[in-house]
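To start, the structure under review is shown below, and the notes come after it.
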Amino acid sequence: MTALLEARRVTKVFSSGLVQRKQATALADFSLTLDTAQPAIIGIVGAGGIGQSTLARLLLGLETPTSGVVFYRGKDLKTLSGEERRRFRREVQVVFQDPFGAYNSFYKVDHVLEVPIAKFGLAHSADEARALMVRTLETVGLRPSETLGRYPHQLSGGQRQRLMVARALLVQPKLIIADEPVSMIDASLRATVLDTLRDLHQEFGISLIYI
């Protein structure tokens, strides 16, 4: 069976300097296979600055490997057609580290849910879109009446991060890549985000790569 996502001997080297070139290896000879038929939770563990976020960006196609290949359903990420890339963006979602940096402070938080609904055609009317947002927020333990219509600074760090999980869940992904999703929120709120991610794995069969 073709893997949903596979990294095969991936290495990423960054270069800097104009006159005297310097190189830093962020990731070396890394391999990982995530099956479509068996949802899993995979932990990527290590000290800060050893390439975990680089790995996340490689798996998302935001960085190109120096050597090795990242495959999505058997195809090199770099060669995906427009429709294949659209499917990839729907099936492979991400929750980044900073629960505030993902927002535009000029928009109400509804915007982060409205964009994927419109982009992927998830609703046929404003009422249907609203109902979908409400259901998804409730799934991740947020009260729509206390979330929708507010600006990012009016929510706690835990609420903002669970809203990012809701955004990922909207498109019914196969995989969520969580890049240190609780490191920048209060310790008292971390358990709520972790519990939400675990529940999504158990209830919806969503795989997690947890950094």
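We're numbering straight along the sequence, starting at 1. Just the heavy atoms: all of them, side chains too, but no hydrogens, waters or symmetry mates, feed the values below.
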Kindly determine whether Leu32 and Leu55 satisfy side-chain contact (heavy atoms from CB on, under 4.5 Å), including the steps that lead there.
CA-CA 11 Å; Leu32 175 148; Leu55 170 62; 5.5 Å; no
Of all heavy-atom pairs linking Val112 and Arg167, the shortest is O-CG, 3.3 Å
Shortest non-hydrogen contact between Leu77 and Leu59, atoms and distance:
CD1-O, 3.7 Å
Which heavy-atom pair separates Glu146 from Leu155 by the least distance, and what is that distance?
O-CD2, 3.7 Å
Test Ile177 against every option in Val92, Ile44, Ile42 by the side chain to side chain contact (heavy atoms under 4.5 Å, CB included) rule and name the one that passes.
Val92
For Arg73, which of Glu91, Glu6, Glu84 qualifies under salt bridge (Lys or Arg N to Asp or Glu O under 4.0 Å)?
Glu91
Checking Arg162 side chain against Thr196 main chain: does a donor-acceptor pair fall under 3.5 Å?
no
Would you check if the side chain of Arg190 reaches a backbone N or O of Ile185 as a donor-acceptor pair within less than 3.5 Å?
yes
Report yes or no: does Gln161 contribute a side-chain atom to a donor-acceptor pair with the main-chain N or O of Pro181 at less than 3.5 Å?
yes
Gln97 side chain to Ser183 backbone, donor-acceptor under 3.5 Å
no
Run the salt bridge (Lys or Arg N to Asp or Glu O under 4.0 Å) check on Lys108 and Asp110 step by step: do they pass?
CA-CA 5 Å; Lys108 293 179 180 179; Asp110 309 38; over 6 Å; no
Member of Ile176, Val95, Leu169 meeting the side chain to side chain contact (heavy atoms under 4.5 Å, CB included) criterion with Met164:
Val95
Nearest heavy-atom approach of Val109 to Thr147 is CG2-O, 3.3 Å
Shortest non-hydrogen contact from Ala56 to Ile211?
CB-CD1, 3.7 Å
Heavy-atom pair with the smallest gap, counting every atom of Tyr107 and Pro152
O-CD, 3.4 Å
Are the charged groups of Arg130 and Asp127 less than 4.0 angstrom apart, N to O?
no
For Glu138, does the CD atom have more than 12 heavy-atom neighbours from other residues, nucleotides or ligands under 6.0 Å away?
yes
Looking only at atom types and distance, does a side-chain atom of His201 sit under 3.5 Å from a main-chain N or O of Ser207, one as donor and one as acceptor?
no
